[in-house]
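Right, one structure below, let's go through it.
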There are 4 protein chains.
Amino acid sequence: MPMTDAPPPQRRRDSERTRGDILQAALEEFSSMGHSGARVDRIAARAGVSKPMIYDYFGSKDDIYAAALREAYVQIRRGEAQLALDPNNPRAAVRELVHFTMDHFRRKPWFIRLLNSENLMGGKTVAQLSDAADIQSVLVTRLSEVLAQGKRHGVFRRDVDPVECLTSAPMEHFRHLAERRVSGSS
Amino acid sequence: MPMTDAPPPQRRRDSERTRGDILQAALEEFSSMGHSGARVDRIAARAGVSKPMIYDYFGSKDDIYAAALREAYVQIRRGEAQLALDPNNPRAAVRELVHFTMDHFRRKPWFIRLLNSENLMGGKTVAQLSDAADIQSVLVTRLSEVLAQGKRHGVFRRDVDPVECLTSAPMEHFRHLAERRVSGSS
Amino acid sequence: MPMTDAPPPQRRRDSERTRGDILQAALEEFSSMGHSGARVDRIAARAGVSKPMIYDYFGSKDDIYAAALREAYVQIRRGEAQLALDPNNPRAAVRELVHFTMDHFRRKPWFIRLLNSENLMGGKTVAQLSDAADIQSVLVTRLSEVLAQGKRHGVFRRDVDPVECLTSAPMEHFRHLAERRVSGSS
Amino acid sequence: MPMTDAPPPQRRRDSERTRGDILQAALEEFSSMGHSGARVDRIAARAGVSKPMIYDYFGSKDDIYAAALREAYVQIRRGEAQLALDPNNPRAAVRELVHFTMDHFRRKPWFIRLLNSENLMGGKTVAQLSDAADIQSVLVTRLSEVLAQGKRHGVFRRDVDPVECLTSAPMEHFRHLAERRVSGSS
DNA sequence: GATGAATGAGGGTTCATTCAT
DNA sequence: GATGAATGAACCCTCATTCAT
């Protein structure tokens, strides 16, 4: 009579991994359901842990939301940091950055949905993450370099504040592009 | 003694107006809070009616949501219908349509937020509105006309399904524009 | 086939009475179980209402607790107010007051248990009831009168602050009496 | 090389001390927060041990509560046992006992609060401690001696059951004293 | 012996929805 | 037609308790 009955669920003892699993599950749940539509039970189920663990690792639903948002930004910034931007060709560098961002949107649709969900809850903005500045600094630094080079090369007409680029709503940005595109092609 | 067919119209007027008030309140609540963030109490308070009235006029929270979505589309379509599109200049006609849409987005920010909130509730899509087809038909018709003319004039290279234009995510649309814009300007 | 099935629970529509029922139930539950031992479910069950009603009438568990405490004081003060105290015999008046209080303790044992339960939750004291002063003022007034008369008649040796009488812990009071009694009788 | 019978005693010492620490922490927690207000986490933190240790040394929250209650009684009884009561002066002996008890209350306020907390949990009474009788027997014995002597000396009018003295609520006891005091002084 | 990690069972609170006037 | 009063079903969160190292 061999031991054929599967071992009991064998609760994970790896706290690092558990934390990651919860975060991933939260990312999925929040981006697909929004902040108020998300259910802590579902996050727990997706992560394969019990509900109280979520409160052990993160403090509350809002805290997991913040952590998920933070994680999303960390992921995209990490990708940007690994980009090889040619400092001598600022135009191409900007193009590269935009392309990477767009590609990230397409490859991880939950990202843009998660960002959108921010608008739907009063007051909770990514800017309120305690270390938001640190996280965004990666992009700011790279953008600054590129813009500085561009100015030096005479490619861009005037000083552009990289932080302003970040804070201007993407919609506005796209709107401009769209309008110019249409009028430009007539 | 003029206008003596009195009471009924007045009643109906009030009834109609109450319905409108509720709808407007729902529009505001849903677009600012999202589907699950919205509270029926708040809609009632905003509309200045009691909660049961809401269930009298609409059947359930989801029904009000659908009605609000419908109303939003009706409003934008009504605007489009009043647009004077030159059938002999399809390029300009498309430009006009896009401009109107963009302007609508800017003037009524709740519209785009309401549309976004759709993605955040599983399954509930505008397509599920019972008369979605009818509502959208205004735009479809106009777009069809324009595209047909354009094809005839040789402006557009190939058949374009107007419905496909509507269902493709706006983001995708913008992405194309953005990518072309960048590469086109290098 | 006569109508023998009892009418449905016939939900109470009398908000005044419902409020009173909840308060009474809370009084019982809190005094028998203490603040943290009390269960909102049980209060609701005792009062014969559903749980949400408790949150409609009072705002939270802590608020019902405060209301119950308040009610307890109101009840004992009401009794004191109806006491006929002879202003010309301060000694007898004090005796009367003490007797009434003791009797109240004996007739409504929950009262003293409810008061005791205060000590078991940090910070929550009767003094924190917003209108504590108003409620206690009945006793303060009566006590002041009696003490003033007593002083005038030369019965009490010196000014006694009635408020101090109230704030001094009953235990301390009893301890003094007990010690004097024992030593006095030796 | 003195004192080489080393490890075991030391171990036992530590074990004993850990147990004592937990008990002391429990005493503080239970008397300040009541039975249901007490948190096992806090007891562990106060005692400087991990939570599972508590379940190793005691079996459950209720068991710690019982142990704390027991410890409280053991402490007061130990004090009483060391009292030098003059068997030939029963009146003074009783006075001494009462004085000691009152002093104990004053010096260790948590004692009376812990006792009070009993009333606030249904069913859990000191009487349910398995060895309650043994613990209380110290006082019973001493009281019996004193009362017996008193009767022999003709100081007390009739048989008094010492156990009844213990079970009658302290409040009742104080009430008698208070009433007599007031009426006696008129 | 000691502990970090994990959980079942329940507690307080909210919310969409209905009843009865 | 209109509403104050009421509720079932969750939802977020906590807590005593145990497992596995």
Side-chain angles (χ1 to χ4, degrees), chain A residues 7-19 36-44 47-64, chain B residues 11 14-15 18 36-44 48-65, chain C residues 8-19 36-44 47-64, chain D residues 11 14-15 18 36-44 49-65:
Chain A
Q10 185 68 20
R11 311 196 287 207
R12 243 168 301 115
R13 277 300 138 174
D14 183 348
S15 104
E16 203 67 32
R17 187 177 151 200
T18 299
R19 198 192 151 84
S36 10
R39 296 289 169 256
V40 176
D41 308 46
R42 266 189 313 243
I43 296 180
V49 302
S50 67
K51 236 190 309 179
M53 294 280 26
I54 297 202
Y55 293 89
D56 256 29
Y57 283 91
F58 307 85
S60 72
K61 185 182 178 181
D62 280 3
D63 288 346
I64 327 169
Chain B
R11 273 260 168 253
D14 277 353
S15 205
T18 298
S36 5
R39 297 287 169 259
V40 175
D41 308 46
R42 273 197 300 254
I43 296 179
V49 303
S50 70
K51 238 187 313 179
M53 289 290 356
I54 296 206
Y55 289 88
D56 263 19
Y57 280 91
F58 306 83
S60 75
K61 184 184 177 180
D62 280 3
D63 288 345
I64 322 171
Y65 183 69
Chain C
Q10 185 69 19
R11 311 196 287 207
R12 243 167 301 116
R13 274 303 136 177
D14 183 348
S15 105
E16 203 67 31
R17 189 177 150 198
T18 299
R19 198 191 150 85
S36 10
R39 296 288 170 257
V40 176
D41 308 45
R42 266 189 313 243
I43 297 180
V49 300
S50 67
K51 239 190 310 179
M53 293 283 19
I54 298 201
Y55 293 88
D56 255 30
Y57 282 91
F58 306 84
S60 73
K61 186 183 178 180
D62 280 4
D63 288 347
I64 328 170
Chain D
R11 272 259 169 254
D14 277 355
S15 203
T18 298
S36 4
R39 298 286 170 260
V40 176
D41 307 47
R42 273 197 300 255
I43 297 179
V49 303
S50 70
K51 237 186 315 179
M53 290 288 1
I54 296 207
Y55 289 86
D56 263 19
Y57 280 92
F58 306 82
S60 75
K61 185 184 177 180
D62 280 3
D63 289 345
I64 322 172
Y65 183 68

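Chain A is the first sequence line, chain B the second, and so forth, proteins listed ahead of strands; every chain is numbered from 1. As a basis for the values below, the full set of heavy atoms in this structure was taken, side chains included, without hydrogen atoms, waters or symmetry mates.
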Check every atom of [options] against the side chain of [X] and return the nucleotide holding the closest atom.
X: C:Y55; options: F:dT14, E:dG12, F:dT17; answer: E:dG12
X: C:T18; options: F:dA6, F:dT3, E:dT7; answer: F:dA6
X: A:S50; options: E:dT7, F:dC13, F:dA2; answer: E:dT7

Quick check: any donor-acceptor pair below 3.5 Å linking the side-chain of D:K51 to the base of F:dT17? yes
Checking all strands, does B:D56 fall into the base, sugar-phosphate, or nothing category for heavy-atom contacts under 4.0 angstrom? nothing
Just to be sure I understand the rule, does D:A38 reach a base, reach only the sugar-phosphate, or reach nothing, if contact means heavy atoms closer than 4.0 Å? sugar-phosphate
Counting only Watson-Crick and G-U wobble pairs with both atom distances below 3.5 Å, the stems of 3 or more consecutive pairs that include DNA chain E are E:2-21 with F:2-21
Counting just side-chain N and O atoms, does D:R39 come under 4.0 Å of either OP1 or OP2 of F:dA16? yes
By side chain to side chain donor-acceptor pair (under 3.5 Å), which residues pair with C:Y57, not counting sequence neighbours? none
Just how far, in rounded Å, is P of E:dG4 from CD of A:E16? 16 Å
Heavy-atom nearest nucleotide on DNA chain F for D:G59 versus B:Y57: which residue maps closer to 5'? B:Y57
Listed partners of B:R42 passing salt bridge (charged side-chain N to carboxylate O under 4.0 Å, His left out), at least two apart: B:E29
